[in-house]
Protein chains: 2
Amino acid sequence: MESPCCPPQECTPGALLATPLDGAEDTLAALAKALGNPVRIRILRLLVARNACICGEIVEEMPLSQSTISAHLKFLKDVGLVQGTIDGPRVCYCVNPAVLKQLKILVACL
Amino acid sequence: MESPCCPPQECTPGALLATPLDGAEDTLAALAKALGNPVRIRILRLLVARNACICGEIVEEMPLSQSTISAHLKFLKDVGLVQGTIDGPRVCYCVNPAVLKQLKILVACL
DNA sequence: CTATCCTATCGTTAAATGACGATGGAATCG
DNA sequence: CGATTCCATCGTCATTTAACGATAGGATAG
């Protein structure tokens, strides 16, 4: 069990090229706003570290209520940084590698 | 005139090494929050593009009031991304290269 | 079917954001 | 000195965030 709900992440820290810097200001602003909270950064780090999915475990890792964590997850999900998959009675979260990469590119091109 | 208030920026897109990932969550969150607004991103881009300083010119570039721009500049200044130097009757703003680099490093290490 | 567990959503409250106009202070120009 | 210019700050208002407890819904377990 504990089958990952996401394909293994590809590690390509290079290849930060060809960026749509067009009207990407709103995109970058939305992504940056999602990062603009320590709790959400910790959640992201957790999801990256256990390069698979988690959910209620996140609540155990932080001194915050379940509803608060759920709200942060929704924030991250709405911006596309995180995906949630229903896995039986629980929900499996994981990082969306493409969006995270896009964020890194946009910031690197500042 | 128009003497730049900041030394010329060094372009070192590489060298993203040795990061204090320790308790940098709050630091990254603060920096990301500053980026979490399209207006502030545009201001940053302006300051980077004219790799020197500006001030009232920023107001002319955006459809926002002077007080609003001033508030955004204060936000960017409080987080360290921007510096302001008094230059006679006007104020000269420029990006703080070290902090911007730190931001890029922290995001790249996500 | 019923009970239990996990998560999302609702309702609430306090604080922070974002925008504006108006005011005030500092420095230059005349 | 006096007028003007440039910018920061103040006060206000609407919206958004962040946190909580409580509630509801969906799926498994018994």
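For the numbers below, each heavy atom of this structure counts, side chains included, while hydrogens, waters and symmetry mates do not. Chain letters run A, B, ... following the sequence lines, proteins first, then strands; residues in each count from 1. The structure presented is a predicted model; accordingly, all values stated were derived computationally and were not measured.
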Just so I know, are the side chains of B:L47 and B:L76 near enough to count as touching, which here means a heavy-atom distance under 4.5 Å? no
According to salt bridge (Lys or Arg N to Asp or Glu O under 4.0 Å), does anything in residues 59-70 of chain B pair up with another residue at least two apart or in another chain? List the pairs. B:R50-B:E61
With side chains defined as the heavy atoms from C-beta onward, is the minimum distance between A:R45 and A:I41 less than 4.5 Å? yes
Do nucleotides 14-20 of chain D as a string where each nucleotide becomes B, S or -: B if the base has a protein heavy atom under 4.0 Å, S if just the sugar-phosphate does, - if no protein is that close. ---SSSB
dist A:Y93:OH -> A:I58:CD1 (nearest 0.5 Å) comes out at 8.0 Å
B:R40 side chain vs B:K33 backbone, donor-acceptor pair below 3.5 Å: yes
5'-most by nearest nucleotide on DNA chain D - A:P89 or B:L73: B:L73
Is any side-chain heavy atom of A:D87 less than 4.5 Å from a side-chain heavy atom of A:T85? no
Any B:V48 side-chain heavy atom under 4.5 Å of A:L110 side chain: no
Evaluate the side-chain proximity of A:T68 to A:M62: yes if any heavy-atom separation is below 4.5 Å, no if none is. no
Span of DNA chain C engaged by chain A, first through last nucleotide within the 4.0 Å heavy-atom cut-off, is C:dC6 to C:dT9
